Structure formats: C-alpha cells, structure tokens
Amino acid sequence: MTLRITNTLTRQKQAFVPLVEGQVSMYVCGVTVYDHCHVGHARVYVVFDVIARALRHLGYAVRYVRNFTDVDDKIIARANKNGESCDDLTNRFIAAFYEDMDLLGCHRPDVEPRVTTHMVEIVAMVQAIVDRGHAYIVAGEFGGQDVYFAIDDFAPYGALSGRSQDDNQAGASDRVTRDERKRNQADFALWKSAKPGEPAWDSPWGAGRPGWHIECSAMSCKHLGPAFDLHGGGKDLIFPHHENELAQSKAAHDAEFARYWLHNGFVTIDSEKMSKSLGNFFTIRDVLARFHPAVLRYYLLTAHYTQPLNFSDKSLEEASRRVLYIAERLAQAQAVAAKWKGLPVAADGLESKAAADLTEALQDDFNTPKVLAVLAELVASIGQAIESKDDALKRSVLIGGLSHVQAIAQVLGLFEGDPAPLAHEIVESARERLFPADSAQLIWVQELVQQRIAARATKDFAKADELRGELLRGGVEVRDTREGSLWRPLLGEV
RNA sequence: GGCGGCAUAGCAAAGCGGUAAUGCAAGGGACUGCAACUCCCUGACCCCCGGUUCAAAUCCGGGUGCCGCCUCCA
C-alpha cells in the first residue's frame, strides 16, 4: 500500500507521488501576526506537524516551510491602535506564537520566512507577472501605482475552488464595493501603493507593499522552487487565498506549483465555525489555562483532519481522562518493566501488528483517529499484561508494547517523554486550578478527608461512605490505597 | 443565487463494494469493609426513497437536515 492523500485540486483521495523520490517539499500558510492564536490555528499547526512527522516516519526526507505574514492591513491597524510599531507588534506575537507551539509540542518547520524579509523576491514575482501580461498597473490612491492580477487573462482561474468568476459575482456583488479601476471586480492586488504613514518598500511602481496573496507565492518559490509537493492550510483559505496564489504562481513561471493541496476542516463551536469575526473563539492560552497542552493536542487529533471538529468542555474533559489513563498505564508499565531493563526481547506479534497498523493508518490520508485506535489497542494489551500472572508474556508484551508506543508517540507528538510526570502534571494542574493552596475549597477537602480517615480508623464505615459521597458531590474522588486515602479532583463532569 | 462538504450506537469518531475500528458514557462481573483505580463481559445493520451489483454504510439519482466558501478569516 502507498500513501494516499485527499487533494483539494482533484477532490479525490489519490496516491501520493513526490516530485523527487523519497523527498517531500511542503508549504503551509502561517499566521498573520497581530493577535494571539485561537484553537482553530492550533488545529492547523498541530495537524501539519503530525503530517510532517508522519511523512518522516514513512521514510521521506521532508522540507517543511511555514511563513509569518508580518505585513498586512490588520497589523497596521492594530499597531496604530496600540501606538506601537508594526515591528514591535509582530515580534511580540511571533514570540507568543512560538510559546503556544512549543507547549503544544509542534516541531519548528525547517524554514520560517517572513514577508518583510522577502520583498526582493515579491517584487520580482510581481514584475514577472506584469511582464508576462497577466497583470496591469493603475494609479494608486495616494500617488504611486497599484498592480492588479487580471483573472480574465488566466484561463485556469477557479480550478482549485471549483467555481467560475460568474458564480462568484452573483453573491459578491452586493457586498463588495466596486472599484472602477479594476478590469474585473474579482481582480486582486499584487502590489498596493503606500498610504501615508504605512510601512512601505520601494518598487518599480513606487513605494508600496505586497497584496495579500503574493507573499506565499514568492516565499514558497524561493524556499521550495516553482513546483513542490504539498501545500496546506485551513479550508477557509481555498478561496480566495490559495486560488489566487495558484493563479499568480503559474502566471509568473508556468511551473506546476503545488501538486497536492491539503485543507483541514474547521474547529467549530455548537457546529459553527470558530472565528474572530463571529467572536466565538478561545485562544490557545485560554484553553491551556484549564487543560494540559497534551490534552488539547490529543483532542485536536481525535477527528480526521479534513473533518470539522466540535469544541466543547465535554470533549476536552473526555480527552483529559483519556490522556491521563494512557499516561498512568504507560508509567505503570515502565515501572513494572524496569526490572527487565537491558534484557532483549524478541519482537512479538503484537508489536509487528501495531507497526503495520500504524503505517497503514498514516498512509490512509494521515488518519489520526485510526492511529489513536491503534494506540488504544496497544495500551489495552499493556494494561492486560500488567495484570497478567504469566511472567514471560508480561515481559514480552510490556517491553515490546512500550517500544512500539514510542513509535506512535513520535508521530503523534504525544506521550513522547516520560509518562509519569505527564500523569502527575495533569492531576496536579487540575488540583491547583480547582483547589488552590490556602483556598477554602482545599481546606474543605482536607478537612473531610481527615474526618474520613478517622472514621475508617474506627471502622465507622457508614460515616466514611457518607463523607466520600459528600466529597464526590464536591468534585473530589477518594481512593483508599496502600499509601493511605488519596484524593484528586474529578476530571470534568461524568 | 452559485459552488462544496457532512449525516454511522446515548455522545464522539473511523470506514472508500464483501455482512460495522476505537474512545467516553451506561449495564453486569472480578477486586474492595463499601468504593475508586484496574481487569473481564455486554452495544449499532449505518438520515429517507429509488437504482446499479451476486454483494452497498460504502457507487448513482432524488429528497430532508446541518455546516462551510463566494468579504478578512486556519
């Protein structure tokens, strides 16, 4: 079996054949850095992080490029509003972006170009498009000149999004102000002349800045060449961003541009798209204040990347319980397996089946729910083995299973490290959040737990059970173990 | 108005022509003073109607419902 990928261009899942055997070049549209990222952004970058990891697992040498858009209307507006420079603003949010991505366990792409450092390439590409007759120049509003891409001169326009210009006109005409300078209202800016006070760069058309789409065309070309394998982003970029990128790039150099277009589905809330404009979004920081980063990452991988993913406390709570369960099982398995440390174990059927299942799941359009199912079966086998009285079986399943969990972990970017601290962090972060030190809630819990310990000591089980019931209603579960009566917060409503 | 996607057990989610992965929840059992944790067992014929096929959740046609894009948006 070979790798199959859903290609937006063909609307089909098709066999992946890279331009150069064994290598994959991949470009993913990065963020416009004027604000914190929300969960929708998190999904894109986690998904493509896993895709890059998966490709590497499958043996490809991957070159992953992801840009920062640091010149844009929204950036200028926000910087003006804040009374700071665009550079200060963008640098701040790039730093914040890295903090979020690091917490979520996303590897850095191989190249992370910024628009502001690629003006030479951008101007050159605009010039090439003009020279080849696919763009025209009009007078700008404040002097200088604007350059527009002429979609009527480019026959394949609409191929990616599957719509004709006529289709678009019907809906767009009532919402978009007419610009009489444009030949076709759907023509889009390649270069915009500077308005007073805006950041601007020199060009053959006077001082100005790039239009929205050209940066990705120029930067992908510079770092991956005029033709490359994978181009990714959220579904909302299909039109107009990617459609326009495709048109510009092909108009500039005739090369194939991206061969496979991958688009991830939206994160939704109550089935509606999470977006800035609707205001129904949570930033990554909002979520990480309540849930462990591994929980958010796990949750983001529970649905196939092309499908919508509905965001809710319930889903995150379920993911919490699951991640905790897996981490605890793995930690326990490691503790049990430690005594066999260094002893070799023959690969068993379980391990090789899991390896084959992992590969198959990844080759099936990076099917992370399937990978999670493989992991679940593996962890279940490990859980059974821990209980097993058969020492030989136990040893082979635990050691073999743990080593294969690592292979899966490296692809998912989950459970890569030591599982014991992860389990501890999940419980402790919930404890700190719900029962902070010196809080009335904490004192309440400690008081009841002490009373219960006392009740049990005198074998007053009726009283002990009553206290446990009370704690449970207060969101606390108590477990009587060899180490005594331990308590921890319930991870979400059950 | 145009274009596109989705509809699978209580919930979430795989499946891409050969009689439905996985997770959560729920029920039963083992364990436990009782519980919790853990382990074992239990669940759906796939929105509706037609069609193609020896065979369809999976393909085709028609409905219904939800969502997205066509304006900045991951």
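Below, read A as the first sequence line, B as the second, and so on, with proteins coming before strands; counting in each chain starts at 1. All values below come from the heavy atoms of this structure, side chains included, with hydrogens, waters and symmetry mates left out. Predicted model only: the values in this text are computed from it and were never measured.
- At the heavy-atom level, A:Phe188 lies nowhere under 4.0 Å from the strands shown.
- The residue A:Arg452 sits close to a base: some heavy atom pair falls under 4.0 Å.
- At the heavy-atom level, A:His241 lies nowhere under 4.0 Å from the strands shown.
- A:Gly233 comes within 4.0 angstrom of the backbone, heavy atoms only, and of no base.
- Straight-line distance between the C1' atoms of B:rC49 and B:rA14: roughly 27 Å, to the nearest whole Å.
- RNA chain B is contacted by both A:Glu272 and A:Gly265; A:Glu272 maps to the nucleotide lying nearer its 5′ end (nearest heavy atom per residue).
- The side chain of A:Arg321 contributes an N or O atom lying less than 4.0 Å from OP1 or OP2 of B:rA25.
- Among the heavy atoms of the strands lying under 4.0 Å from A:Glu387 are primed sugar atoms or P, OP1, OP2 only; no base atom is included.
- In this structure, A:Phe188 and A:Phe149 have parallel ring planes: the angle between them is below the 30° cut-off, well short of the 60° mark.
- In this entry the distance linking CG of A:Asp365 with P of B:rG15 reads 8 Å, nearest Å.
- Across all strands, A:Leu237 comes closer than 4.0 Å only to sugar-phosphate atoms, never to a base (heavy-atom distances).
- Within 4.0 Å of A:Ser275, counting heavy atoms only, lies at least one base atom of the nucleic acid.
- If you check distances only, the side chain of A:Asp364 never reaches the base of B:rC16 with a donor-acceptor pair under 3.5 Å.
- The shortest side-chain heavy-atom distance between A:Phe154 and A:Gln248 does not fall under the 4.5 Å cut-off.
- As a whole-Å value, the separation of A:His304 NE2 from B:rC6 P is 11 Å.
- The nucleotide B:rC54 finds its pairing partner in B:rG18, both defining distances of the Watson-Crick or G-U wobble pair being shorter than 3.5 Å.
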Discussion item. Could you walk me through whether A:Arg181 and A:Tyr148 satisfy the side-chain hydrogen bond (donor to acceptor under 3.5 Å, both in side chains) test, starting with their C-alpha distance in whole Å, then the side-chain angles of each, then the deciding distance to 0.1 Å, before giving a yes or no?
Written reply: CA-CA 10 Å; A:Arg181 301 172 306 158; A:Tyr148 282 100; 3.2 Å; yes
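- On the P atoms, B:rG5 is 32 Å away from B:rA44, given to the nearest whole Å.
- No contact: A:Glu328 has no heavy atom under 4.0 Å from any strand.
- Nearest-nucleotide positions on RNA chain B place A:Ala376 closer to the 5' end than the other of A:Ala376 and A:Phe461.
- Nucleic acid contact for A:Asn264: base, since at least one base atom lies under 4.0 Å from a heavy atom of the residue.
- When ring centroids are compared, A:Phe257 and A:Phe228 come within the 6.0 Å threshold.
- Taking atom C1' on both B:rG68 and B:rA25, the two are 30 Å apart, rounded to the nearest angstrom.
- Salt-bridge formation is detected for the pair A:Asp49/A:Arg297: a Lys NZ or Arg NE/NH1/NH2 atom is positioned less than 4.0 Å from an Asp or Glu carboxylate oxygen.
- As rounded to the nearest Å, B:rU71 and B:rC11 have C1' atoms that lie 36 Å from one another.
- Computed from coordinates, the A:Leu491 CG to B:rA25 P distance equals 11 Å when rounded to whole Å.
- Using a 4.0 Å heavy-atom cutoff across all strands shown, A:Asp480 reaches at least one base atom of the nucleic acid.
- Nucleic acid contact for A:Val31: none, since no nucleic acid atom lies under 4.0 Å from a heavy atom of the residue.
- One atom, NE2 of A:His424, and another, P of B:rC37, lie 19 Å apart when rounded to the nearest Å.
- Comparing B:rA57 with B:rU8, their C1' atoms are spaced 7 Å from each other, to the whole Å.
- In the set B:rC67, B:rA14, B:rA74, the nucleotide with an atom closest to the side chain of A:Met274 is B:rA74.
- A:Arg43 comes within contact range of no nucleotide atom at all, as no heavy-atom separation falls under 4.0 Å.
- Taking atom C1' in both B:rA20 and B:rA55, the straight-line distance is 16 Å, to the nearest Å.
- On the P atoms, B:rC40 is 16 Å away from B:rC31, given to the nearest whole Å.
- Inspection of the A:Gln450 and A:Gln446 side chains reveals no N or O donor paired with an N or O acceptor under 3.5 Å.
- One C1' atom belongs to B:rU19, the other to B:rG29, and the distance between them is 31 Å to the nearest Å.
- Taking only distance into account, the side chain of A:Arg456 meets the base of B:rG33 through a donor-acceptor pair shorter than 3.5 Å.
- In this structure, A:Lys273 reaches the bases: a heavy-atom distance under 4.0 Å links it to at least one base atom across the strands shown.
- Taking the centre of each ring, A:His213 and A:His242 stay at or above the 6.0 Å mark.
- Note on A:Asp465: a base of the nucleic acid sits closer than 4.0 angstrom, heavy atoms only.
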